[in-house]
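By convention in this document, chain letters (A, B, ...) are assigned in the order of the sequence lines, proteins followed by strands, and residues within each chain are numbered from 1.
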There are 2 protein chains.
Amino acid sequence: MKRFADATAGVKSGRTDDDAQTIQGFVGVTTHEEVYRRVREQILFGGIKPGSAVTLRGLADELGVSSMPVREAVRRLIAERALLLQDNRRVMVPPMTREAFDQILFARRALEPELAARALEKLKKADIADLQAIDQSIDIAMRAGDTEGYMRANYRFHFALYRKSESWTLVALVESIWLQFGPFMRTAYGRIGTSTIEDHHEFALAAMAKHDASGLRSAIDADIGQGMGFIGDAVLSRPS
Amino acid sequence: MKRFADATAGVKSGRTDDDAQTIQGFVGVTTHEEVYRRVREQILFGGIKPGSAVTLRGLADELGVSSMPVREAVRRLIAERALLLQDNRRVMVPPMTREAFDQILFARRALEPELAARALEKLKKADIADLQAIDQSIDIAMRAGDTEGYMRANYRFHFALYRKSESWTLVALVESIWLQFGPFMRTAYGRIGTSTIEDHHEFALAAMAKHDASGLRSAIDADIGQGMGFIGDAVLSRPS
DNA sequence: GAGCCCCCATTGTGATCACAAAATTCCAGG
DNA sequence: CCTGGAATTTTGTGATCACAATGGGGGCTC
């Protein structure tokens with residue numbers, strides 16, 4: 001374990017040392033925010049398995065901080081439904097159920113194509129080029145079988161697009177949704193691999209180039225349907 | 001082990017008094033959850049004005065608890081976008097902007113009619129009767145000019161319906177959205193009153209009775225459009 | 001009289017401690 | 001061997017303290 005150096009974490013003020021791995025070294029960002037980001041990434045890109053327990057002291061020791069910032073970060077992630085507070089007051093990565101899966105799928109289809117269409121209105125040529133570059137890194141990771149790399153690049157692609165809509169409220173909702181199915185994406189790709197993924201992003205990029213809103217909507221919807229169908233087949237058909 | 005009696009520890013706040021306003025009296029619910037609920041209600045039903053500052057110690061003193069549970073509750077509300085963490089690291093009730101308003105309106109129209117349609121499939125006769133009872137209390141509050149009563153009943157109506165959909169993920173998203181425009185609803189009704197509100201719930205109830213999904217969607221959509229238009233006119237046209 | 005700066009109060013952040021409840025381990029009895 | 005309960009450990013919760021940074025107010029200078 002101990003993914004992040006714990007070092008001698010107790011020393012309070014005046015940390016001017018160069019211990020870059022410890023969270024405390026960061027400037028201008030609070031500790032609980034940094035803890036939040038790291039745990040969030042682990043959840044989003046599959047560092048933590050669905051159903052596994054998360055303890056405050058465990059995380060605190062792992063990250064080399066006290067339990068205070070961990071508590072705030074975990075509380076925040078619970079509010080975003082990235083973590084689940086059980087009746088025991090214990091915390092876990094939520095297991096996937098058929099019902100939750102259906103709701104996530106529906107919410108994605110309701111929000112993401114529309115968000116993409118909104119983004120289209122504000123897209124510049126340079127933005128499309130950026131997205132094409134990200135799409136290429138997706139292809140590379142996909143062919144290399146690099147599951148985590150694929151997930152990260154795929155996330156970057158979707159949210160680079162969505163953020164262009166400048167609809168921050170909606171983007172936040174979609175981010176919350178992604179947090180909820182991230183672990184299953186990892187599980188699914190881990191089981192079946194990334195080679196069978198179709199690339200609907202090409203169609204999306206083509207629609208962007210033509211400024212074709214309904215085409216973009218369709219492409220995003222197809223991407224969601226394909227990706228989620230893949231996850232559903234891989235995860236829900238077997239005992240979790 | 002090693003527990004020297006630190007006698008003052010637990011007794012310090014030994015509130016055995018009958019101070020009913022104090023939170024500590026609750027059993028089985030954590031303090032931070034109770035704090036969360038109270039602050040949430042204040043935001044949702046207008047106890048706090050948009051733009052006003054919220055301080056941890058202030059809330060803690062007001063509720064008679066230490067700052068710990070307040071911190072967790074506030075952190076949770078920030079994650080739900082009910083409160084806004086500024087760059088100063090200070091917390092406030094978010095001010096309304098045209099952009100945020102448009103996004104909230106769009107998100108509501110995207111999610112709530114669909115949620116209502118989903119609920120319709122599971123609605124029983126008794127549920128419709130319950131909703132009719134709530135609608136009557138809405139009318140009563142509306143005619144009495146009871147702004148807070150109207151808001152509470154309206155909230156009850158919508159979420160009693162939505163929760164019947166058993167789509168907990170989506171309901172959570174919609175609750176987050178309501179938290180974001182609650183304060184403005186109060187401001188708007190406080191300025192103009194509740195007497196001019198049209199009652200689209202009648203149409204919604206009629207559609208439910210006929211099991212008419214598209215009619216229900218339209219009614220909810222109209223209700224959102226009317227209510228939000230009202231808020232937009234009242235709040236956005238003037239300096240906040 | 002106005003602008004600037006310094007001092008102090010307020011506030012958020014993080015660490016540590018105490019305690020209760022839950023989970024786990026351990027051991028005796030069948 | 002298994003089972004059941006007691007003891008121990010783990011874990012979440014809440015309170016309190018220390019500290020840094022921001023903000024505001026009062027007094028000083030020009």
task = Would you check if there is a donor-acceptor pair between the side chains of B:Y36 and B:E41 at a distance under 3.5 Å?
result = no
message = Donor-acceptor pair, distance only, cut-off 3.5 Å: does the side chain of B:S167 make one with the backbone of B:L170?
response = no
request  = Using a cut-off of strictly less than 4.0 Å, decide whether B:T30 has a side-chain nitrogen or oxygen near OP1 or OP2 of D:dT13.
outcome  = no
inquiry  = Let's test your reading of the model: under 3.5 Å, does the base of C:dG14 pair with the side chain of B:R71 as donor and acceptor?
reply    = yes
key: A:M92 CE - D:dT11 P separation (whole Å)   = 15 Å
message = Rounded to the nearest 0.5 Å, what separates atom CD in A:E166 from atom CZ in A:R118?
response = 11.0 Å
ask   = Roughly how many Å is it from CZ in B:R76 to P in D:dT13, rounded to a whole number?
value = 11 Å
inquiry  = We want to know whether B:Y155 and B:E175 form a side-chain donor-acceptor pair, criterion being a heavy-atom distance below 3.5 angstrom.
reply    = yes
ask   = For A:R89 and C:dA23, what is the distance between atoms CZ and P respectively, to the nearest whole Å?
value = 12 Å
remark   = Whichever of B:R57 and B:E72 has the more 5' nearest nucleotide on DNA chain D, that residue is B:E72
inquiry  = If I take atom CG in residue B:L56 and atom P in nucleotide D:dA15, what distance separates them, rounded to the nearest angstrom?
reply    = 14 Å
ask   = Can you check the B:L59 CG to C:dT10 C1' distance for me, whole Å?
value = 15 Å
task = Using a 4.0 Å heavy-atom cut-off across all strands, classify A:V54 as base, sugar-phosphate, or nothing.
result = sugar-phosphate
key: Contact under 4.0 Å: A:T31 side-chain N or O vs C:dT13 OP1/OP2   = no
message = Between P on C:dT13 and CD on A:E33, what's the gap in Å once rounded to a whole number?
response = 10 Å
query = Do the rings of B:F181 and B:W178 sit parallel, tilted or perpendicular, given the 30° and 60° boundaries?
reply = tilted
query = Whole Å only: how far is the CG atom of A:L83 from the P atom of D:dG12?
reply = 11 Å
request  = Tell me which of B:R90 and A:H32 sits closer to the 5' end of DNA chain C, going by the nucleotide each one is nearest to.
outcome  = B:R90
ask   = Does the side chain of A:N88 get closer than 4.0 angstrom to OP1 or OP2 of C:dA21 through an N or O atom?
value = no
inquiry  = In whole Å, I'd like the distance from the CG atom of B:D87 to the P atom of C:dT13.
reply    = 12 Å
